[in-house]
Amino acid sequence: MRTLSLLLILMVFLPSNAQAQKVLQMEKFGKAKVTKYFIGDELTFRLKGEKDYWYQEVIQDILADDGLILFTNRAVKVSDIDAIRSYRIARFTRPFSRNLYLFATSWTVFSLLAIPTLGWEIGLADGIIVGTSLLSGYLIRRLFRYRTYRMGKKRQLRLLNLDWNDRP
């Protein structure tokens with residue numbers, strides 16, 4: 001009974017107008033999966049005409065009717081955004097590079113253990129194998145550390161206001 005009354009009290013006193021009902025949504029044509037950015041999320045984007053400069057801002061508010069995204073220092077029209085950069089690491093890079101590091105470590109340990117037991121001599125080939133494995137693991141992580149999504153033929157941005165209190 002106590003938990004039910006606590007739940008009712010929390011439902012009454014919690015605010016019903018949540019800020020997360022305003023969404024910047026990146027859609028890929030022909031796909032049902034979308035990427036959503038909410039108020040408070042950090043967005044890295046490039047504006048049209050600026051090919052080398054990337055802005056990294058926190059979304060303060062979304063004005064869906066006007067087509068504007070309000071950041072801390074500026075307001076940007078959605079149609080002016082040329083590309084969005086995501087720093088989420090690709091799924092395959094972490095386990096693949098980890099396995100390459102593990103292979104290099106295993107090769108080194110087994111080569112060192114083979115010296116006293118089998119009379120093995122560590123040569124240039126062992127160093128090349130270990131070095132190539134370590135370098136490949138490092139390069140995979142560096143090359144796939146971010147992904148750039150360009151707006152245009154395949155992708156579009158859409159502003160959504162799902163707040164029922166703001167409806168006319």
Side-chain angles (χ1 to χ4, degrees), residues 10-11 13-108 127-168:
L10 286 176
M11 288 175 61
F13 289 110
L14 287 178
S16 63
N17 188 8
Q19 291 288 337
Q21 294 177 348
K22 295 180 180 181
V23 178
L24 170 65
Q25 183 170 298
M26 182 173 58
E27 303 169 341
K28 184 174 182 181
F29 296 121
K31 301 287 182 182
K33 187 178 176 184
V34 296
T35 304
K36 295 181 180 180
Y37 298 97
F38 298 100
I39 294 174
D41 288 351
E42 190 171 64
L43 186 68
T44 304
F45 61 96
R46 182 177 65 196
L47 296 174
K48 290 181 181 176
E50 299 180 14
K51 294 296 178 190
D52 295 331
Y53 190 75
W54 289 87
Y55 297 95
Q56 191 168 2
E57 299 274 344
V58 176
I59 299 174
Q60 298 296 325
D61 197 10
I62 294 173
L63 304 175
D65 297 334
D66 299 330
L68 289 173
I69 304 170
L70 297 178
F71 295 106
T72 308
N73 298 325
R74 65 185 49 87
V76 175
K77 286 189 151 212
V78 175
S79 59
D80 291 342
I81 295 177
D82 183 43
I84 291 180
R85 185 169 278 177
S86 172
Y87 288 98
R88 215 173 339 177
I89 297 173
R91 284 186 203 171
F92 75 92
T93 59
R94 188 169 285 145
F96 197 64
S97 62
R98 190 177 329 143
N99 286 339
L100 285 169
Y101 293 150
L102 182 63
F103 173 75
T105 306
S106 301
W107 190 276
T108 304
I128 290 173
I129 291 171
V130 170
T132 304
S133 178
L134 290 173
L135 183 65
S136 299
Y138 175 75
L139 287 178
I140 285 172
R141 283 228 174 158
R142 293 294 292 175
L143 290 175
F144 298 105
R145 68 176 178 229
Y146 62 82
R147 184 163 180 198
T148 301
Y149 299 101
R150 290 179 178 80
M151 302 304 131
K153 294 180 183 177
K154 289 185 180 181
R155 288 184 178 80
Q156 73 174 0
L157 290 174
R158 180 183 296 191
L159 295 177
L160 298 175
N161 185 1
L162 304 174
D163 191 8
W164 294 101
N165 294 334
D166 289 346
R167 306 270 173 173

ask   = Does any non-hydrogen side-chain atom of Leu100 lie less than 4.5 Å from one of Leu135?
value = no

key: Gap between atom CD1 of Ile128 and atom OG of Ser133 - 0.5 Å precision   = 13.5 Å

ask   = Quick one: do Lys51 and Asp82 make a salt bridge, cutoff under 4.0 Å?
value = yes

ask   = Which pair of heavy atoms, one from Ser86 and one from Tyr149, lies closest together, and at what distance?
value = CB-CE1, 3.7 Å

Leu157 CG to Ile81 CD1 distance, which is reported to the nearest 0.5 Å = 5.5 Å

ask   = In terms of side-chain heavy atoms, does Gln60 have a donor or acceptor partner in Thr72 at a distance below 3.5 Å?
value = yes

query = Should Val34 and Lys36 count as side-chain neighbours, where that means a heavy-atom distance under 4.5 Å?
reply = yes

query = When you check the side-chain N and O atoms of Arg85 and Thr148, is any donor under 3.5 Å from an acceptor?
reply = yes

inquiry  = Return the CG to OG distance between Asn99 and Ser136, rounded to the nearest 0.5 Å.
reply    = 13.0 Å

message = As a quick check of understanding, evaluate side-chain contact (heavy atoms from CB on, under 4.5 Å) for Gln56 and Glu42, giving each step before the final call.
response = CA-CA 7 Å; Gln56 191 168 2; Glu42 190 171 64; 3.0 Å; yes

request  = Indicate yes or no: at least one non-hydrogen side-chain atom of Arg158 is less than 4.5 angstrom from one of Met26.
outcome  = no

message = Walk me through whether Gln156 and Met151 qualify under side-chain contact (heavy atoms from CB on, under 4.5 Å).
response = CA-CA 5 Å; Gln156 73 174 0; Met151 302 304 131; 5.7 Å; no

ask   = So, do Phe144 and Phe92 have ring centers that fall under 6.0 Å from each other?
value = yes

query = Is the closest basic N to carboxylate O distance between Asp80 and Lys48 below 4.0 Å?
reply = no

message = Does any part of the side chain of Ile69, heavy atoms only, come nearer than 4.5 Å to the side chain of Leu24, both counted from C-beta?
response = yes

query = Are Phe38 and Val23 close enough that some pair of their side-chain heavy atoms sits under 4.5 Å apart?
reply = yes

query = Quick check: are there more than 12 heavy atoms from other residues, nucleotides or ligands sitting under 6.0 Å from CH2 of Trp54?
reply = yes

task = Carefully, step by step, assess Asp41 and Val58 under the rule side-chain contact (heavy atoms from CB on, under 4.5 Å).
result = CA-CA 6 Å; Asp41 288 351; Val58 176; over 6 Å; no

request  = Compare all side-chain heavy atoms of Ile62 with those of Asn161 and state whether any distance is below 4.5 angstrom.
outcome  = no

task = Walk me through it: do Val76 and Leu68 pass the test side-chain contact (heavy atoms from CB on, under 4.5 Å)?
result = CA-CA 6 Å; Val76 175; Leu68 289 173; over 6 Å; no

inquiry  = What I'd like to find out is whether the side chain of Ile39 reaches to under 4.5 Å of the side chain of Asp61, using heavy atoms alone.
reply    = yes

ask   = How far apart are the closest heavy atoms of Ala104 and Thr108, and which atoms are they?
value = O-OG1, 2.8 Å

key: Donor + acceptor pair across side chains of Arg141, Ser97 (<3.5 Å)   = yes

query = Rounded to the nearest 0.5 Å, how far apart are NZ of Lys153 and NZ of Lys28?
reply = 14.5 Å

key: CZ (Arg74) with more than 12 external heavy atoms under 6.0 Å   = yes

task = Please find out if less than 6.0 Å separates the ring center of Phe71 from that of Phe45.
result = yes

query = From Arg142 CZ over to Thr93 OG1, what is the distance, rounded to the nearest 0.5 angstrom?
reply = 12.5 Å

note = So OH of Tyr101 and CD1 of Ile140: to nearest 0.5 Å the spacing works out to 9.0 Å

query = Under the side chain to side chain donor-acceptor pair (under 3.5 Å) test, which residues partner Glu50, sequence neighbours left out?
reply = Tyr55

